Amino acid sequence: MAKIVQKGMWIEISSLNKEDKKNYLRAFTSFILGAVLLGVHLSHIGFLGDAPLAEPLLSEPWLLILRIAMIGLFLLGAYFYNRFYSTQDDFFKSYHNATFAGGAYGFLVFGSLLSIFSPYFNYHPNFYEFFLAFTAGTAVGAYYFYRKYIAE
């Protein structure tokens, strides 16, 4: 079973059995490659209020292929993560649920604040800024779970 380390921010990969390690690393690799392609996509549409690149990196047919590949990699990562998750114990599943509940709270709290204050700064948040709010909440939820159930 997965051992939760780094104050709830990571799992110790060496604690996994062979099949779980393979599924986890496949999921992680798929998510990282998808994130690289997401970065290229964001450079074409703008991020955190920045304007898109004046000189696009890719032309439109290649950009469409990149976006399809990005979605495919994220779906592949989700598939392998689900295979990994289904073999874990209830403690890890509780950790997983706590981190994503923290993400939902982060989306509500940080996202609401972002939305409320954005007109005063002439800023228009989009999906990616709200995703960062979710990510911040996920980190808070993982740390809270670690402090409450592991660090004792």
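The structure presented is a predicted model; accordingly, all values stated were derived computationally and were not measured. Any value given below was found using the heavy atoms of this structure, including those in side chains, with hydrogens, waters and symmetry copies removed.
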For this session: Establish, yes or no, whether a centroid distance under 6.0 Å links the rings of F92 and F84.
Result: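 Yes, the ring centres sit under 6.0 Å apart.
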Pairwise distance [atom1]([X]) to [atom2]([Y]) - rounded to 0.5 angstrom:
X: S115; Y: F110; atom1: OG; atom2: CZ; result: 15.0 Å
X: L132; Y: F107; atom1: CG; atom2: CZ; result: 12.0 Å
X: T138; Y: F131; atom1: OG1; atom2: CZ; result: 7.5 Å
X: T87; Y: Y24; atom1: OG1; atom2: OH; result: 12.5 Å
X: I71; Y: L37; atom1: CD1; atom2: CG; result: 10.5 Å
X: K21; Y: S15; atom1: NZ; atom2: OG; result: 8.5 Å

Can you name the closest pair of heavy atoms from [X] and [Y] and give their distance?
X: I4; Y: Y146; result: O-CE1, 4.5 Å
X: Q88; Y: D20; result: NE2-OD2, 3.1 Å
X: F145; Y: A98; result: CD1-CB, 3.7 Å
X: W10; Y: Y95; result: N-OH, 4.3 Å
X: L66; Y: V40; result: CD1-CG1, 3.7 Å
X: A142; Y: G8; result: CB-O, 3.1 Å

For [Y], is there any backbone N or O sitting under 3.5 Å from a side-chain donor or acceptor partner on [X]?
X: N82; Y: A78; answer: no
X: E12; Y: V5; answer: no
X: S30; Y: R26; answer: yes

Can you hop from [X] to [Y] via hydrophobic side chains spaced under 4.5 Å?
X: F74; Y: Y79; answer: no
X: I11; Y: F28; answer: yes
X: I32; Y: L42; answer: yes
X: M70; Y: L64; answer: no
X: L25; Y: L75; answer: yes

Exercise. Step by step, would you call F100 with F134 a side chain to side chain contact (heavy atoms under 4.5 Å, CB included)?
Worked result: CA-CA 9 Å; F100 281 95; F134 175 85; 3.5 Å; yes
Exercise. Going by atom types alone, do Y123 and E129 pair a side-chain donor with an acceptor below 3.5 Å?
Worked result: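 A pair is found: one side chain offers a donor N or O, the other an acceptor, under 3.5 Å apart.
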Exercise. Counting only heavy atoms not in D90, do more than 12 sit closer than 6.0 Å to its CG atom?
Worked result: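 No - once you tally the heavy atoms of other residues, nucleotides and ligands closer than 6.0 Å, there are 12 at most.
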Exercise. Would you say K7 has more than 12 foreign heavy atoms packed within less than 6.0 Å of its NZ?
Worked result: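 Incorrect, the count does not exceed 12.
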Exercise. Given side chains that start at C-beta, do those of F80 and T29 come closer than 4.5 Å, heavy atoms only?
Worked result: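 Result no, sub-4.5 Å side-chain heavy-atom pair not found.
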Problem set entry | Residues forming a ring-ring contact (aromatic ring centres under 6.0 Å, His included) with W62, sequence neighbours excluded |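 Listed in chain order: nothing, the list is empty.
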